[in-house]
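In this chain, residues are counted from 1 in sequence order.
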Amino acid sequence: MAQTKKKRRRKHRGTQAGTIETPGRTGRPVSASRRPATKQQTARERRQARFDKEPTWRGSVNRAAFAAAILAIFISVVQKNVAAGLVLGVLAMLVYVPMSYYTDRALWRRRQRQKQQRSR
């Protein structure tokens with residue numbers, strides 16, 4: 001009698017609870033030319049690329065807004081005074097934005113100088 005259903009290619013291995021464990025690649029190994037770079041190497045490259053970018057005011061505003069929001073929420077909860085929390089949050093924004101930008105800029109310039117000295 002002819003087979004009507006398509007036969008499955010791999011065996012479904014399940015546990016007693018009914019979950020199916022999907023196996024990893026069990027076939028032939030991937031050739032070196034098609035193998036992806038190691039995670040550690042790509043993470044190092046991503047970190048290096050992030051450090052090579054010049055700092056922006058927008059990044060500083062985002063960082064300062066996050067920190068000021070945390071501060072405002074903390075003050076509002078601890079002192080049970082929402083107005084004081086909001087005022088301190090706004091003041092923190094005014095201080096954090098330039099402080100964050102110029103700190104990032106100083107660190108970026110230092111890294112650029114170090115990179116140039118290494119390349120010489």
Return the minimal non-hydrogen interatomic distance between [X] and [Y], and the atom names on each side.
{"X": "P98", "Y": "M93", "result": "CD-O, 4.5 Å"}
{"X": "S60", "Y": "V97", "result": "CB-O, 3.8 Å"}
{"X": "A92", "Y": "A68", "result": "CB-CB, 4.2 Å"}

Would you say L71 ends up clustered with V78 if hydrophobic residues are merged whenever their side chains have heavy atoms under 4.5 Å apart, either directly or through other cluster members?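 The answer is yes; both residues are in one hydrophobic cluster.
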Using the rule that two of Ile, Leu, Val, Met, Phe, Trp, Tyr join whenever any of their side-chain heavy atoms come within less than 4.5 Å, decide whether V61 and Y96 are in one cluster.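 No, because V61 and Y96 fall into different hydrophobic clusters, even though each may have its own neighbours under 4.5 Å.
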Separation of [Y] [atom2] from [X] [atom1] (nearest 0.5 Å):
{"X": "L91", "Y": "L86", "atom1": "CG", "atom2": "CG", "answer": "11.0 Å"}
{"X": "T56", "Y": "Y101", "atom1": "OG1", "atom2": "OH", "answer": "8.0 Å"}
{"X": "M99", "Y": "L94", "atom1": "CE", "atom2": "CG", "answer": "12.0 Å"}
{"X": "R110", "Y": "R113", "atom1": "CZ", "atom2": "CZ", "answer": "8.5 Å"}
{"X": "Q48", "Y": "R46", "atom1": "CD", "atom2": "CZ", "answer": "13.0 Å"}

Only counting residues at least two apart or in another chain, list the ones meeting side-chain contact (heavy atoms from CB on, under 4.5 Å) with F66.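 Checked F66 against side-chain contact (heavy atoms from CB on, under 4.5 Å); matches are I70.
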Quick one, R111 with K115, criterion side chain to side chain contact (heavy atoms under 4.5 Å, CB included). Give me CA distance, side-chain angles, the key distance, then yes/no. CA-CA 6 Å; R111 277 191 297 270; K115 212 162 91 173; over 6 Å; no
Flag side-chain contact, heavy atom, 4.5 Å: D104 against E54: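 Counting from C-beta outward, D104 and E54 never come under 4.5 Å.
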Test R105 against R109 for side chain to side chain contact (heavy atoms under 4.5 Å, CB included), laying out the working first. CA-CA 6 Å; R105 189 157 182 85; R109 284 181 175 167; 3.3 Å; yes
Hey, can you tell me if Y102 and W57 have their rings parallel, tilted or perpendicular (30° and 60° cut-offs)?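 The rings of Y102 and W57 stand perpendicular, inter-plane angle above 60°.
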